[in-house]
Amino acid sequence: MSELRMRKFWLMAFAIVMSFAISAPLVRAADDKEKGATPLEDEMIAANKALKTLKTQITDASKNQSSLQLIGEMQKHFLAAKGMEPARAKKETDKGKFVTEYHKAMINLMSEMLKMESAVVDNKNDEAAAILKNLGKIKSDGHDKFQEE
């Protein structure tokens, strides 16, 4: 009986160890979604997390304080990203022009963020939601133009 218990114990221990070994790469893969390949991607991923939450509450005036915090967080990440250079710039024939266009796009993005913040401060949540929708288009256009293929 004792030998049977020992075998069960070792079989269970082996199963536990193997489950950790199998799940470790899955955990790392989830972490990789939180981390981009470049510092610029890290900033954009962080801003996008705030954006997802903001989308769910921008029309609710009772959540304006939270919305303002999320907008501030996004602005912080976009401001950091504005000073960076997209990885794709290295592949461009006219790198200077490409970086200038990126900088202008980020200025436009920040300008829209300030308009949205102002609308939330003024309790104009429908206006803020419209600006947020426009930010989705700016995001999509920017990714098409500046992200590596």
- line: By salt bridge (Lys or Arg N to Asp or Glu O under 4.0 Å), Glu127 pairs with (sequence neighbours left out) none

task: With sequence neighbours left out, write down each residue that passes side-chain contact (heavy atoms from CB on, under 4.5 Å) with Lys55, or none if nothing qualifies.
output: Leu51, Leu132

field: Rounded distance [0.5 Å steps], OH in Tyr102 versus NZ in Lys82
entry: 9.5 Å

field: Candidate pair Leu135 and Leu109, rule side-chain contact (heavy atoms from CB on, under 4.5 Å), full reasoning
entry: CA-CA 7 Å; Leu135 285 176; Leu109 175 66; 3.5 Å; yes

query: For Lys97, what residues pass the side-chain hydrogen bond (donor to acceptor under 3.5 Å, both in side chains) criterion, not counting sequence neighbours?
result: none

field: For Lys95 against Ala89, the heavy-atom pair lying closest together
entry: CG-O, 3.6 Å

- request: Please name the pair of heavy atoms, one in Met44 and one in Ala81, separated by the smallest distance, quoted to 0.1 Å.
  value: CE-CB, 3.8 Å

- prompt: Can you list every ring-ring contact (aromatic ring centres under 6.0 Å, His included) pair that touches residues 53-99, not counting sequence neighbours?
  reply: Phe98-Phe146

field: All salt bridge (Lys or Arg N to Asp or Glu O under 4.0 Å) counterparts of Lys145, not counting sequence neighbours
entry: Glu101

field: With Lys133 via side-chain hydrogen bond (donor to acceptor under 3.5 Å, both in side chains) - residues at least two apart
entry: none

- request: Please round to the nearest 0.5 Å and tell me the distance separating atom CD of Gln147 and atom CG of Leu40.
  value: 8.5 Å

query: Can you tell me how far CD of Glu85 sits from CD of Glu92, rounded to the nearest 0.5 angstrom?
result: 10.5 Å

message: Under the rule for side-chain hydrogen bond (donor to acceptor under 3.5 Å, both in side chains), what residues qualify as partners of Lys90, not counting sequence neighbours?
response: none

field: Set of side-chain contact (heavy atoms from CB on, under 4.5 Å) partners for Thr59, sequence neighbours left out
entry: Ala129

message: I'd like to know if Leu68 and Leu114 are part of one continuous hydrophobic network [Ile/Leu/Val/Met/Phe/Trp/Tyr, side-chain heavy atoms within less than 4.5 Å].
response: no

query: Taking a hydrophobic cluster as the set of Ile, Leu, Val, Met, Phe, Trp and Tyr residues connected by side-chain heavy atoms closer than 4.5 Å, whether directly or through intermediates, do Met110 and Ile71 fall within one such cluster?
result: yes

message: Per the salt bridge (Lys or Arg N to Asp or Glu O under 4.0 Å) rule, what does the pair list look like for residues 65-76, sequence neighbours excluded?
response: none

query: Which distance, rounded to the nearest 0.5 Å, do you find between the CG of Asn134 and the CG of Asn108?
result: 8.0 Å

- request: Under the side-chain contact (heavy atoms from CB on, under 4.5 Å) rule, collect the residues that match up with Gln57, sequence neighbours excluded.
  value: Thr53, Lys63, Ser66, Ser67, Leu70

task: Quick one: pull up OG1 in Thr100 and NZ in Lys104 and give me the separation to the nearest 0.5 Å.
output: 7.0 Å

- request: Kindly state each residue pair satisfying ring-ring contact (aromatic ring centres under 6.0 Å, His included) with at least one member in residues 105-145, sequence neighbours excluded.
  value: none

Indicate every side-chain donor-acceptor pair of residues 115-124 with a distance under 3.5 Å to a residue at least two apart or in another chain.
from, atom 1, to, atom 2, distance (Å)
Lys115, NZ, Glu112, OE2, 3.1
Glu117, OE1, Gln75, NE2, 3.1
Asn123, OD1, Asn64, ND2, 2.7

query: Could you state the interatomic distance from CE (Met84) to OG1 (Thr38), rounded to the nearest 0.5 Å?
result: 8.0 Å

